[in-house]
*Asks:* 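This structure is in structure tokens; I'll ask about it shortly.
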Amino acid sequence: MREIHGQAEAVIEGSPRAVFSTITDIERLPEWNRAIEQVVERPSGLTPGATWIVEMHPSPGLRWRSVSTLQDLDVDGLRFSYRTVNADGNPSYALWSWDLTPTPAGVRVAVRWDVYLETIDRRLLAGPIRQRQLRKEVAASLAALAARVPPSTV
């Protein structure tokens, strides 16, 4: 396995700005992403090239630090994307993108992940494990995100 690709989506009640603000608030990531145990380092602002480090703990026995670098933050277009690598220096990486679309029922949140496994250990062992975990993790994160977005005042 050299690559993992996936996507998930959910419609979340709330204003597009409130949903987008919750997703892009790095400090709040552990509130709605259960695989993130804590934010270890946060950027002073989400500007081009900003980085943040989180402690990942998706399941018992698996724990690592992950470094993300902002690629795109389009507040008007409701798009957020970043590149993530393991803090251990492994060259494998993931590209994450979040696209929000207002709908009559709320905001459609679409998240996509593209993981590129560059080393044999990631291809043979870590990749297959993460592929199974990611679908469940992202679905659970979207459900938890919906519970964290402030109610719409409209």
Side-chain angles (χ1 to χ4, degrees), residues 1-39 42-43 45-59 62 64-87 91-118 122-123 126-154:
M1 165 181 299
R2 291 182 175 272
E3 298 179 5
I4 301 169
H5 303 282
Q7 57 189 23
E9 65 180 55
V11 174
I12 297 176
E13 291 184 31
S15 75
R17 295 278 184 229
V19 176
F20 191 75
S21 177
T22 302
I23 291 169
T24 58
D25 185 344
I26 303 305
E27 188 67 35
R28 294 185 65 196
L29 289 173
E31 291 179 20
W32 56 269
N33 185 330
R34 293 184 193 132
I36 297 176
E37 186 169 285
Q38 66 175 322
V39 177
R42 60 210 42 80
L46 284 180
T47 57
T51 63
W52 58 95
I53 300 173
V54 298
E55 180 93 19
M56 301 292 298
H57 191 187
S59 62
L62 289 178
W64 67 88
R65 286 195 172 178
S66 176
V67 181
S68 295
T69 303
L70 180 66
Q71 290 192 311
D72 183 33
L73 179 69
D74 181 351
V75 176
D76 295 327
L78 302 172
R79 179 172 167 70
F80 176 53
S81 64
Y82 49 95
R83 183 180 193 271
T84 299
V85 296
N86 192 303
S92 299
Y93 63 98
L95 302 176
W96 290 87
S97 64
W98 298 77
D99 291 289
L100 283 64
T101 307
T103 71
V107 181
R108 182 180 67 85
V109 177
V111 59
R112 176 171 179 81
W113 58 94
D114 298 293
V115 181
Y116 299 93
L117 306 165
E118 302 292 335
R122 297 305 205 268
R123 291 176 185 160
I129 292 170
R130 285 302 287 155
Q131 182 176 34
R132 289 188 300 273
Q133 290 176 329
L134 281 170
R135 288 208 181 277
K136 292 178 185 175
E137 283 175 23
V138 174
S141 291
L142 288 172
L145 175 65
R148 295 292 184 190
V149 173
S152 181
T153 56
V154 177

*Asks:* Can any side-chain N or O of Arg135 pair as donor or acceptor with the backbone N or O of Gln131 at less than 3.5 Å?
*Replies:* no
*Asks:* Kindly give the heavy-atom pair with the smallest separation between Leu70 and Phe80, and that separation in Å.
*Replies:* CD1-CE1, 3.5 Å
*Asks:* Can you tell me how far apart CE (Met56) and CD (Gln38) are? Round to the nearest 0.5 Å.
*Replies:* 12.0 Å
*Asks:* Do Gln71 and Leu95 come close enough that some side-chain heavy atom pair is under 4.5 Å?
*Replies:* yes
*Asks:* Look only at the side chain of Arg83 and the backbone of Thr69, and say whether a donor-acceptor pair between them is shorter than 3.5 Å.
*Replies:* no
*Asks:* Can you name the closest pair of heavy atoms from Arg122 and Pro128 and give their distance?
*Replies:* O-CD, 4.0 Å
*Asks:* Nearest 0.5 angstrom please: Arg28 CZ to Ile23 CD1, how far?
*Replies:* 11.0 Å
*Asks:* Find out whether Trp96 and Val138 are in side-chain contact, i.e. whether some heavy atom of one side chain is under 4.5 Å from a heavy atom of the other.
*Replies:* yes
*Asks:* Rounded to the nearest 0.5 Å, what separates atom CZ in Arg123 from atom OG in Ser92?
*Replies:* 7.5 Å
*Asks:* Can you tell me how far apart CD (Gln7) and CG (Asp114) are? Round to the nearest 0.5 Å.
*Replies:* 9.0 Å
*Asks:* Starting at CD1 of Ile12, measure out to OG1 of Thr103 and round the result to the nearest 0.5 Å.
*Replies:* 10.5 Å
*Asks:* Contact between Phe20 and Leu73 at the side-chain level, heavy atoms closer than 4.5 Å - yes or no?
*Replies:* yes
*Asks:* Taking all heavy atoms of Val107 and all of Gly14, pick out the closest pair and write down the distance.
*Replies:* CG2-O, 3.3 Å
*Asks:* Any idea which heavy atoms bring Leu100 and Pro16 closest together, and the distance?
*Replies:* CD2-O, 4.1 Å
*Asks:* Are any side-chain N or O atoms of Thr84 and backbone N or O atoms of Ser68, one a donor and one an acceptor, separated by less than 3.5 Å?
*Replies:* no
*Asks:* Under 4.5 Å between any side-chain heavy atoms of Glu55 and Pro30, yes or no?
*Replies:* no
*Asks:* Evaluate the side-chain proximity of Arg17 to Leu78: yes if any heavy-atom separation is below 4.5 Å, no if none is.
*Replies:* yes
*Asks:* Roughly how far apart are Ser21 OG and Asp25 CG, rounded to 0.5 Å?
*Replies:* 6.0 Å
*Asks:* From the options Arg34, Gln133, Lys136, Glu137, select the one residue that forms a side-chain hydrogen bond (donor to acceptor under 3.5 Å, both in side chains) with Ser59.
*Replies:* Gln133
*Asks:* Apply side-chain contact (heavy atoms from CB on, under 4.5 Å) to residues Val54 and Asn33 and explain how you reach the verdict.
*Replies:* CA-CA 11 Å; Val54 298; Asn33 185 330; over 6 Å; no
*Asks:* Check whether any side-chain heavy atom of Ile129 lies under 4.5 Å from a side-chain heavy atom of Leu62, and answer yes or no.
*Replies:* yes
*Asks:* How close do Tyr116 and His5 get, heavy atom to heavy atom, and via which atoms?
*Replies:* OH-CE1, 3.6 Å
*Asks:* With a 4.5 Å heavy-atom cut-off, do Val111 and Glu9 have their side chains touching?
*Replies:* no
*Asks:* Below 4.5 Å, heavy atoms only, C-beta onward: do Asp72 and Ser97 meet side chain to side chain?
*Replies:* no
*Asks:* How far apart are the closest heavy atoms of Leu46 and Ala50, and which atoms are they?
*Replies:* CA-CB, 4.3 Å
